[in-house]
Amino acid sequence: MSSNSNGDPLRPRAAANGTSRTLIPTNSVTTKDGVVKVRIDPTLMVADVVKQLVANLHIRQPHTDFALRDEDDELVTNENLRGMIKSKAKLKLVNSAAVEAQEIYNKVILREEKSFRLALFSLQRYLREEDFANEFLKLDGVRVLIDVITSTHGNTLAYALTSMKNLMDHEFGWSTLDSNFIFKVVQIIAAPQSLINVCRPATAILKRLVEADPASAPGPIVASSSRAPPTAPPGSVYRYGFDVVFEQMRKEPGLLETVVNRLGTADTALALNSVMLINSLLAHATDTWWEAFISQLERLNTRKAIIRLMSSHTIEDLTSCVLDFQGNMARVIYRKKTTLVEPDVEETHAAALDYIWTNSRLQIETAPDGTTLKWRQLGFLSENLSHEFTEAGVLGLDCLKNFVQSDPDFFSKVVQEQNSRPPQRRCPLARASNEVVELLSEHWGVLAPGYATSPVFQPFFLNLYKVHALATNFLLQMWNESGAAIGDFTRVVALVRSQVKVALRQEHLRPWHEMVQDFSDCEYRGVRDRQMKELEEEDDLLSKVPVRNLRAKLYKESKEFVRQQRIHCLLQGAWFLNAIPVSSPTPRRPARMWRFMRLDNSLKHLHYVDSQSKFPVRSGLEDLPDRFDLALITEIATANCAAPPSSSSSSEGGTTVVGLVAAAGNAPLVASPLSFSLITPEGSLADAIAPDLSRWADWTDGLNMLRRDSGHVASKETADFIQALTEIGLKIKLLDLSGDKVEIPSGLAAGPPPANSDFFFSDLYDPQ
């Protein structure tokens with residue numbers, strides 16, 4: 001490296017044979033004494049560059065006290081040095097991470113009003129850098145931050161919480177946070193008077209603590225026969241998790257209610273953090289507090305609050321979180337469906353059954369054979385309720401209870417009316433309720449944990465209990481209009497299955513009242529005629545339970561295959577058109593038209609370069625000087641950007657960018673369906689338009705699948721691709737079976753348990 005006082009911009013470097021020369025760009029470096037021009041050898045390490053620069057400028061302090069930053073205060077590292085040299089970035093000679101950390105630490109300790117606030121404000125930014133974070137931690141910085149958080153308020157508290165949040169984005173340094181600190185954060189969030197800029201980072205901190213579960217720690221999974229939760233190694237930050245956080249949440253009963261109420265706030269960032277916290281709690285809830293937590297969410301009408309968000313004007317920034325919530329609720333419903341009803345063991349089950357029986361206003365009777373006649377009066381086949389709810393589980397019990405709660409008088413009237421009829425003419429209401437649960441579970445794909453996914457909103461799904469009540473009433477209507485007898489029960493259920501498909505179609509587009517009308521304004525003859533046409537085209541084989549389970553397994557495999565394919569596309573990289581967010585109050589034209597982005601092999605950073613025109617990008621990251629951390633991304637917003645006015649019909653390098661609609665004159669910007677933005681709490685990292693639908697789906701879904709708290713499918717193209725692979729795999733498996741003339745049963749009955757333990761599993765046994 002050489003310094004140059006006369007401003008000579010380039011220095012020729014001779015090759016070994018003396019015939020070829022490589023020109024090194026000139027960078028300007030600002031020091032406390034002025035600006036100097038330097039030519040930096042791109043093969044040097046940053047530490048060597050700083051060392052030579054300090055020596056050439058005759059600075060007496062040791063070179064280890066200095067570092068380089070660009071105009072935007074981004075630290076110059078070995079990874080981005082070449083890019084900054086190539087782009088002729090204007091650099092600054094500043095304090096090293098160690099010196100800066102010591103100065104900020106001293107100011108925070110002294111707490112002089114002006115310097116104290118300014119130091120905390122700077123700390124927010126610096127703690128994102130790994131080098132600075134390490135130096136700050138050496139000074140016992142975590143303890144200092146905790147002291148500030150526990151003793152300040154207002155904007156000062158907001159700065160301290162944001163600093164802690166940024167520190168916790170690293171996977172080191174905060175393993176000493178104790179229950180007192182967690183409870184303090186809980187109190188801050190629960191306080192209604194807390195400022196918005198205080199609640200945002202506090203909510204994000206609590207979310208991070210929930211996710212820091214020992215089971216989520218990176219690294220190889222060690223096989224173990226122990227059922228106890230894994231223990232965190234010494235110093236690991238993965239030592240918290242749901243149980244640790246929820247213990248503190250229980251001390252502040254109003255916390256969850258406050259978080260749910262904030263889903264309706266006008267502040268998008270706060271609503272986003274609130275949804276993400278709820279999603280993290282749902283995803284990491286353990287058996288210890290699962291039922292208590294889910295019951296509290298139900299009591300607070302959380303699903304109703306999420307449904308309101310779906311129609312909110314801020315939904316563009318919250319789409320991914322709402323889809324994540326839908327996926328979490330699918331897992332909750334599946335767990336309820338597979339949980340046994342045990343009134344002799346679980347008080348909540350017994351209480352629900354008592355409520356149902358009391359509102360039936362029936363009396364316990366004695367059957368002709370001398371047995372007690374109680375639950376059979378409601379339509380069950382026996383008095384053994386654990387057996388009656390075998391398939392529908394606790395979900396069936398909850399649905400029946402909610403059906404009663406929706407109109408207790410109507411329930412009593414229906415039950416008593418049915419019991420006044422001859423036994424063969426009675427509609428078995430309780431069995432009907434459980435059958436409707438099965439139909440709705442089948443319709444929404446609640447067949448296995450985590451396999452159900454949808455790229456669109458499902459407000460009807462989140463209103464499961466109300467839909468169940470409508471469908472159960474529809475079954476009663478069909479029973480009465482058809483004059484059915486007990487032997488026709490299966491036929492009436494088939495009518496309901498047909499109507500469910502019609503009423504719940506395209507739920508992301510249709511209003512609630514249309515769905516209600518589909519269930520309530522139908523006649524038996526019309527439904528029957530339509531069902532007969534469907535039966536002509538339906539394959540009974542696909543509705544059998546073993547086939548449905550096989551489809552669920554193949555769906556999981558297909559989704560993982562597509563995930564790897566999408567990530568491979570990100571590793572290859574692609575060109576995008578830089579776009580303008582249509583919601584921006586002051587839209588500004590991008591400085592350069594095109595951006596090339598590529599994921600690095602660690603799957604943690606997205607590297608990019610902006611250019612006025614496309615150029616061949618070499619493999620690797622040398623041509624991509626800039627990058628950002630994927631951990632910062634909280635949302636992948638789609639269809640929210642427009643092309644700059646002059647690029648509405650751009651063609652570059654033979655590739656035409658389709659679907660670009662830009663404003664002309666003072667007309668409002670119109671979003672391209674192929675646009676997307678990478679949103680962080682501080683703003684957007686990238687606003688881009690893909691060249692085609694395939695590239696758009698690859699990147700939006702690929703980035704979603706890489707996020708720590710996500711994994712859902714956002715585009716219809718990807719969802720259809722996964723579904724197509726699943727159906728192809730299913731057909732191939734079924735062809736194998738049909739070729740061997742294997743009969744697939746509708747279900748398998750478990751045999752009696754072994755009389756003793758004198759047995760062993762065959763080597764051929766496959767637990768999968």
Side-chain angles (χ1 to χ4, degrees), residues 104-105 108-111 116 119-120 123-124 127 133 136-195 197-217 229 231-259 262 273-274 276-278 280-281 284-286 288-289 292-293 296:
I104 289 179
Y105 176 84
V108 172
I109 289 292
L110 290 175
R111 296 205 182 189
F116 177 53
L120 283 174
L123 190 60
Q124 298 174 101
L127 276 175
F136 190 69
L137 290 169
K138 291 177 184 177
L139 301 170
D140 201 14
V142 171
R143 181 189 58 80
V144 172
L145 264 183
I146 292 174
D147 290 343
V148 174
I149 289 170
T150 54
S151 60
T152 59
H153 56 83
N155 288 333
T156 305
L157 176 59
Y159 298 156
L161 285 168
T162 304
S163 299
M164 181 64 79
K165 177 186 78 71
N166 291 341
L167 173 63
M168 293 174 72
D169 284 337
H170 302 294
E171 296 188 353
F172 59 85
W174 44 278
S175 60
T176 55
L177 299 178
D178 58 15
S179 58
N180 293 328
F181 171 78
I182 299 173
F183 183 57
K184 177 62 179 177
V185 175
V186 166
Q187 288 180 310
I188 292 170
I189 298 171
Q193 69 272 17
S194 292
L195 299 175
N197 62 339
V198 170
C199 292
R200 287 185 209 137
T203 307
I205 287 172
L206 206 61
K207 168 183 172 290
R208 185 71 175 101
L209 288 165
V210 173
E211 293 171 349
D213 191 306
S216 303
T231 56
S236 170
V237 298
Y238 288 90
R239 58 180 62 251
Y240 301 100
F242 180 87
D243 286 345
V244 173
V245 173
F246 198 71
E247 282 282 359
Q248 305 307 316
M249 289 174 59
R250 293 175 65 236
K251 299 176 184 177
E252 195 69 48
L255 170 72
L256 207 53
E257 183 176 1
T258 303
V259 171
R262 285 180 180 146
N273 281 326
S274 299
M276 292 173 72
L277 173 59
I278 292 171
S280 291
L281 289 167
H284 293 84
T286 60
T288 308
W289 299 112
F293 172 60
Q296 197 172 356

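- One finds the OG atom of Ser280 at 11.0 Å from the CG atom of Asp213 (value rounded to the nearest 0.5 Å).
- Sequence neighbours left out, the pairs with a member in residues 142-158 that pass side-chain hydrogen bond (donor to acceptor under 3.5 Å, both in side chains) are Arg111-Ser151, Arg117-Thr156, Asp140-Arg143, Arg143-Asp147, Asn155-Asn197.
- With hydrogens and angles disregarded, a donor-acceptor distance shorter than 3.5 Å links the side chain of Tyr240 to the backbone of Leu177.
- His284 has its side chain within reach of Ser216: a pair of non-hydrogen atoms, C-beta onward, lies under 4.5 Å apart.
- Applying the side-chain contact (heavy atoms from CB on, under 4.5 Å) rule to Lys138 yields the partners Glu135; only residues at least two apart in sequence or on another chain are considered.
- Residues satisfying the side-chain contact (heavy atoms from CB on, under 4.5 Å) criterion with Asp178, sequence neighbours excluded, are Asn180, Phe181.
- Applying the salt bridge (Lys or Arg N to Asp or Glu O under 4.0 Å) test to pairs two or more places apart or on separate chains, those with a residue in residues 240-249 are Glu247-Arg250.
- By the side-chain contact (heavy atoms from CB on, under 4.5 Å) test, Ala133 pairs with Leu127, Leu167, His170, Phe172, sequence neighbours left out.
- Here CZ of Phe246 is found 7.0 Å from CG of Leu256. Values are rounded to the nearest 0.5 Å.
- With sequence neighbours left out, the side-chain contact (heavy atoms from CB on, under 4.5 Å) criterion links Ala204 to Lys165, Asn273.
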| Going through the checks in order, is the side chain to side chain contact (heavy atoms under 4.5 Å, CB included) test met by Val245 and Leu206? | CA-CA 8 Å; Val245 173; Leu206 206 61; 3.7 Å; yes
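- Considering only residues two or more places apart in sequence or on other chains, Gln296 meets the side-chain hydrogen bond (donor to acceptor under 3.5 Å, both in side chains) condition with none of them.
- Ser194 places a side-chain N or O within donor-acceptor distance of the main-chain N or O of Ile188, the cut-off being under 3.5 Å.
- To the nearest 0.5 angstrom, Ile109 atom CD1 is 9.5 Å from Leu139 atom CG.
- Shown here are the ring-ring contact (aromatic ring centres under 6.0 Å, His included) partners of Tyr159, two or more places apart in sequence or in another chain: Phe121.
- Between Ser175 and Val237 the shortest heavy-atom distance is N-CG1, 3.9 Å.
- When each of Ile189, Thr162, Leu157 is paired with Val198, the side chain to side chain contact (heavy atoms under 4.5 Å, CB included) condition holds for Leu157 and for no other.
- Looking at Leu209 and Val244, their side chains never come closer than 4.5 Å, going by heavy atoms from C-beta outward.
- Using modelled atom types, one side-chain atom of Arg208 and one backbone atom of Met168 make a donor-acceptor pair closer than 3.5 Å.
- Counting heavy atoms from C-beta outward, Val259 and Thr203 have side chains that stay 4.5 Å or more apart.
- Distance check: Phe293 CZ to Thr288 OG1 gives 14.0 Å after rounding to the nearest 0.5 Å.
- Annotation: side chain of Leu123 is in contact with side chain of Leu145 (closest heavy-atom distance under 4.5 Å).
- Residues satisfying the side-chain hydrogen bond (donor to acceptor under 3.5 Å, both in side chains) criterion with Lys184, sequence neighbours excluded, are absent altogether.
- A 4.5 Å side-chain heavy-atom check between Lys251 and Val186 finds every atom pair outside the cut-off.
- By the side-chain hydrogen bond (donor to acceptor under 3.5 Å, both in side chains) test, Arg200 pairs with Asp267, sequence neighbours left out.
- Considering OG of Ser274 and NZ of Lys207, their distance stands at 12.0 Å, rounded to 0.5 Å.
- Not counting sequence neighbours, Phe116 has no partner by the ring-ring contact (aromatic ring centres under 6.0 Å, His included) test.
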